[in-house]
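What follows is one structure encoded as structure tokens, with my remarks underneath.
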Amino acid sequence: MPDATTTTDPAAPITPTHCPYCALQCGMSLRGEADAVEIVERPDFPVNLGALCGKGRTAPALLSSRVRLTEPLVRRPATGRLEPATWEEALRTVAEGLRRTRTAYGPDAVGVFGGGGLTNEKAYTLGKFARVVLGTSQIDYNGRFCMSSAAAAHQRAFGLDRGLPFPLEDIPRTGCVILVGSNLAETMPPALRYLTELRENGGTLIVVDPRRTRTAEQADLHLAPRPGTDLALALGLLHVAVSEGRTDEEFIADRTTGWEEARAAAMAHWPELVERITGVGVPQLRDAVRMFCDAESGMVLTARGPEQQSKGTDTVSAWINLCLATGRAGRPLSGYGCLTGQGNGQGGREHGQKADQLPGYRKLDDPAARAHVARVWGVEPETLPGPGRSAYELLDALGGDVKSLLLMGSNPVVSAPRAGHVEERLRSLDFLAVADVVLSETAALADVVLPVTQWAEETGTTTNLEGRVLLRRRALSPPPGVRSDLEVLGGLASLLGHDKGFPSSPEEVFEELRRASAGGPADYSGITYSRIAEENGVFWPCPAQDTAEDARSGTPHSGSPHPGTPRLFLDRFATDDGRARFVAVGHRAAAEEPSEAYPVLLTTGRVVAQYQSGAQTRRVDELNAAAPGPFVELHPLLAERLGAVEGEPLAVVSRRGRAVGPARITTGIRSDTVFMPFHWPGEGRVNSVTNPALDPTSRMPEFKVCAVRVERVHAS
């Protein structure tokens with residue numbers, strides 16, 4: 001498992017591109033080939049100005065043929081093992097497996113599971129392949145586990161979902177930021193500078209997190225609610241704002257609807273009640289409202305903490321209500337935003353790999369949307385299947401209604417909730433094909449594994465958390481025997497009777513994506529590869545031609561090429577009447593509260609040196625040295641009750657499973673809560689424990705809170 005090699009020919013060409021990891025999509029440049037690739041700073045890219053975290057710096061280590069797949073693998077019946085095969089045999093085996101299931105059980109017996117790290121071109125093609133070639137409705141992706149609650153709340157409040165409705169550069173210039181459930185210092189380290197600059201400019205930072213993280217240590221005010229109570233906290237803050245006369249009645253009257261109902265709901269959550277629910281004291285509630293409302297402008301930014309709950313959509317709606325009620329939305333340097341997690345989590349949900357969506361963020365059950373996309377695809381609208389299952393529901397159906405699965409760029413054996421059950425479902429399939437860069441824990445269960453190119457070996461676009469469409473450029477050649485995902489899908493389509501419509505050229509796919517997205521909420525039709533390169537990215541919506549007015553920003557244009565839309569909602573929201581919608585919500589308990597048998601709350605998250613399921617980062621020596629394995633973080637009072645000592649193995653046990661890690665004792669966590677990171681398989685797999693209870697709107701599982709007991713692990 002090598003580290004990145006940095007000895008290259010200084011005269012070698014330099015290719016500007018972007019980091020393969022989180023939704024910042026930091027700019028970087030590459031020089032060299034294969035096992036000798038050097039990262040070169042790219043200070044011209046505005047998001048990171050050349051800065052990179054440890055994951056970005058070591059990303060070239062994954063390009064080495066020593067750690068990645070370089071030839072197809074097929075499971076041999078005689079041995080039961082995955083063994084090398086030719087591409088022709090591997091693709092034929094996949095096509096036959098999918099065809100066999102479709103013939104025997106119908107198209108919906110075939111499932112497709114994608115990933116938030118796939119480029120826009122791949123996500124678009126995967127959705128088209130599922131619906132046109134396979135004819136299945138059973139497609140979703142792991143982004144459902146990341147941003148879906150915020151997306152649903154965004155849609156119902158503003159009529160449009162884009163992670164941030166403003167560029168990151170606006171954050172240091174606002175007056176106050178409330179950061180809810182995000183540990184930017186570890187999940188997106190280059191973004192921490194925006195919060196540092198905010199405070200240097202005289203702004204204030206409020207962090208909401210049950211742990212005193214490295215990010216919380218930077219805050220002017222840290223609120224540490226009990227896990228699962230963020231909704232009550234937001235409602236309590238709105239109650240205080242109303243009772244202290246800090247609402248913006250003119251903004252509410254001019255630019256919103258639904259205030260009376262939302263206000264009544266908030267007033268049922270008086271501060272003393274909220275203190276009992278959350279553990280956050282009334283004086284802190286009042287301090288937070290004072291800091292937020294005294295500033296001339298303000299933002300609320302949420303991440304997985306409040307979103308990965310069985311009430312995540314309502315929780316985000318409550319924070320949006322706070323922004324609307326105080327006039328902190330639809331104005332310069334103000335608004336609500338979601339800190340999207342995965343590298344292409346934003347673009348991945350816009351162009352068709354989500355169960356209910358078509359390209360351009362169109363709804364699959366909208367007849368006009370179906371007709372438009374069908375014309376681009378050259379099919380009849382009635383042949384397109386309807387909406388399918390959400391991600392966890394699809395995984396739960398494996399081996400039952402869904403008999404075969406094509407999986408690209410995801411590792412649910414580690415990343416899905418109730419992961420032991422999901423692993424059993426994957427093992428029960430009649431047929432499983434996985435396309436990936438490495439032999440992940442999920443790929444190891446497959447009947448066929450297809451080795452595919454990765455970030456530096458292919459060209460394609462991603463869309464970062466700002467809605468900025470970016471261009472990753474091919475910087476080096478992949479190893480012999482490796483093909484791109486587009487080549488894989490094109491080859492399978494041909495074997496399944498579709499010789500046309502699935503090109504392997506990313507730019508050709510993007511040109512079709514532009515047409516398919518035209519006129520949709522996420523309109524990319526005015527974006528081209530050349531524009532992205534020239535402008536350091538283009539913000540959607542960006543129609544092909546300016547009309548008299550951009551319906552989402554209200555900005556008139558002269559008929560010249562559309563400039564893109566860095567800032568949304570400044571004149572009107574993307575609803576039919578142009579007004580933002582308050583949504584009346586009330587607090588409710590987590591799906592699973594502590595009991596005598598399971599008296600402690602578990603919450604999960606990331607550490608700085610690992611990423612997502614760890615399938616890639618766990619193959620980099622430098623990152624493993626910094627974060628070699630899971631741990632159980634707990635308060636000294638809980639450790640004392642258990643008799644636990646630092647470094648001793650502890651088991652965290654829920655109704656679903658068990659995870660083990662060494663104790664890490666700290667006063668930086670609530671005494672009723674334990675924390676485990678989720679990057680590892682095996683006995684340290686915390687998602688064996690987590691609860692798949694789903695948000696009724698977004699279908700987001702409740703990763704962030706469940707009831708557990710903690711036990712010392714005694715050597716046998």
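Everything numeric here is computed off the predicted structure, so don't read it as measured data. We count residues from 1, following the sequence as given.
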Report the C-alpha distance between E244 and R286 in whole Å, list the side-chain angles of each, state the deciding distance to 0.1 Å, and finish with yes or no for salt bridge (charged side-chain N to carboxylate O under 4.0 Å, His left out).
-> CA-CA 9 Å; E244 294 186 355; R286 299 193 187 282; 3.1 Å; yes
Verdict with supporting geometry, W319 and I178, side-chain contact (heavy atoms from CB on, under 4.5 Å) | CA-CA 10 Å; W319 288 105; I178 302 179; 4.0 Å; yes
Nearest heavy-atom approach of C26 to L52 is CB-CD2, 3.8 Å
Do you know which two heavy atoms are closest between S149 and D695, and how far apart they sit?
-> OG-OD2, 4.2 Å
Do Y524 and T461 have a side chain donor and acceptor closer than 3.5 Å?
-> no
Just by modelled atom types, is the A590 backbone N or O under 3.5 Å from a matching donor or acceptor in the E702 side chain?
-> no
Only one of R670, R664, R211 passes salt bridge (Lys or Arg N to Asp or Glu O under 4.0 Å) with E633, and that residue is R211
Taking K311 for the side chain and G586 for the main chain, is one N or O donor matched with an acceptor at less than 3.5 Å?
-> no
Donor-acceptor pair, N464 side chain versus E466 backbone, under 3.5 Å?
-> yes
Hey, does F145 have a side-chain heavy atom less than 4.5 Å from the side chain of P417?
-> yes
Measure the spacing between CD1 of I277 and NE2 of H269 and express it to the nearest 0.5 Å.
-> 6.0 Å
Apply side-chain contact (heavy atoms from CB on, under 4.5 Å) to the pair K363 and D356, showing each step before the final yes or no.
-> CA-CA 6 Å; K363 299 298 290 183; D356 58 350; 3.1 Å; yes
More than 12 heavy atoms from other groups under 6.0 Å of CG on D576 | no
Does S148 offer a backbone N or O that forms a donor-acceptor pair with the side chain of R349 under 3.5 Å?
-> no
Does the pair I665 and L634 meet the rule for a side-chain contact (heavy atoms from CB on, under 4.5 Å), with working shown?
-> CA-CA 5 Å; I665 301 171; L634 72 165; 4.0 Å; yes
Heavy-atom nearest pair, V316 first then A153, reads CG1-CB, 3.4 Å
Verify side-chain hydrogen bond (donor to acceptor under 3.5 Å, both in side chains) between S317 and R156, making sure each step is shown before the conclusion.
-> CA-CA 9 Å; S317 288; R156 68 186 189 182; 2.9 Å; yes
Would you indicate whether the side-chain heavy atoms of T278 and L285 approach each other to under 4.5 Å?
-> no
Is the count of non-hydrogen atoms from other residues, nucleotides or ligands lying under 6.0 Å from E296 atom CD greater than 12?
-> no
Taking T603 for the side chain and V705 for the main chain, is one N or O donor matched with an acceptor at less than 3.5 Å?
-> no
Check: T315/D230 side-chain N/O donor and acceptor closer than 3.5 Å | no
Do E217 and R214 pass the salt bridge (charged side-chain N to carboxylate O under 4.0 Å, His left out) test, and can you show the C-alpha distance, the side-chain angles, and the key distance before you say yes or no?
-> CA-CA 5 Å; E217 290 173 352; R214 288 173 53 193; over 6 Å; no
When you look at R263 and E260, which way does the salt bridge (charged side-chain N to carboxylate O under 4.0 Å, His left out) test go after all the steps?
-> CA-CA 5 Å; R263 179 174 61 186; E260 294 301 324; 2.4 Å; yes
For R246 against D294, the heavy-atom pair lying closest together = NH1-OD1, 2.9 Å
How are the rings of F675 and F631 set to each other: parallel, tilted or perpendicular (split at 30° and 60°)?
-> tilted
Chi angles and distances behind the salt bridge (charged side-chain N to carboxylate O under 4.0 Å, His left out) call for E169, R567 | CA-CA 11 Å; E169 66 187 44; R567 295 171 180 85; 3.3 Å; yes
If only atom types and distance count, is the side chain of R531 paired as donor or acceptor with the main-chain N or O of V538 below 3.5 Å?
-> no
Test side-chain hydrogen bond (donor to acceptor under 3.5 Å, both in side chains) applied to Q342 and N142, step by step | CA-CA 9 Å; Q342 294 191 77; N142 62 16; 2.9 Å; yes
Steps toward side-chain hydrogen bond (donor to acceptor under 3.5 Å, both in side chains) verdict (S297, T174) = CA-CA 5 Å; S297 57; T174 193; 3.1 Å; yes
Could you give me the CA-CA distance, side-chain angles and deciding distance for F158 and Y336, then say whether side-chain contact (heavy atoms from CB on, under 4.5 Å) is met?
-> CA-CA 10 Å; F158 305 129; Y336 163 77; 4.3 Å; yes
Donor-acceptor side-chain pairing of S415 and Q612 below 3.5 angstrom = no
Return yes when atom CD of E640 has more than 12 non-hydrogen atoms of other residues, nucleotides or ligands closer than 6.0 Å, and no otherwise.
-> no
Per the salt bridge (Lys or Arg N to Asp or Glu O under 4.0 Å) rule, which among D571, D170, D248, D254 passes with R331?
-> D248
Result of checking I206, L322, L237 against V289 for side chain to side chain contact (heavy atoms under 4.5 Å, CB included) | L237
Could you tell me whether a side-chain N or O of R212 sits under 3.5 Å from a main-chain N or O of T666, the two making a donor and an acceptor?
-> no
For residues L238 and A325, report the shortest heavy-atom separation together with the two atoms involved.
-> CD1-CB, 3.5 Å
Any idea how F582 and W259 line up, ring-wise: parallel (<30°), tilted (30 to 60°), or perpendicular (>60°)?
-> tilted
Check for a donor-acceptor pair, side chain of R579 on one end and backbone N or O of T256 on the other, with a separation under 3.5 Å.
-> yes
Within 45 degrees of the axis of the six-membered ring of F292 and under 6.0 Å from its centre: does R328 put its NZ or CZ there?
-> yes
So among P541, C542, P543, which one has a side chain to side chain contact (heavy atoms under 4.5 Å, CB included) with T565?
-> P541
Evaluate the side-chain proximity of R42 to N536: yes if any heavy-atom separation is below 4.5 Å, no if none is.
-> yes
Less than 4.5 Å apart, any side-chain heavy atom of L195 and any of T215?
-> yes
Quick check: does any side chain N or O of K55 sit under 3.5 Å from a backbone N or O of Y611, one acting as donor and the other as acceptor?
-> no
L179 and its side chain to side chain contact (heavy atoms under 4.5 Å, CB included) partner, picked from I171, D209, L301 | L301
What are the two closest non-hydrogen atoms of R304 and C338, and how far apart are they?
-> NH2-SG, 3.4 Å
Expected output: side-chain H351 to main-chain N120 donor-acceptor under 3.5 Å = no
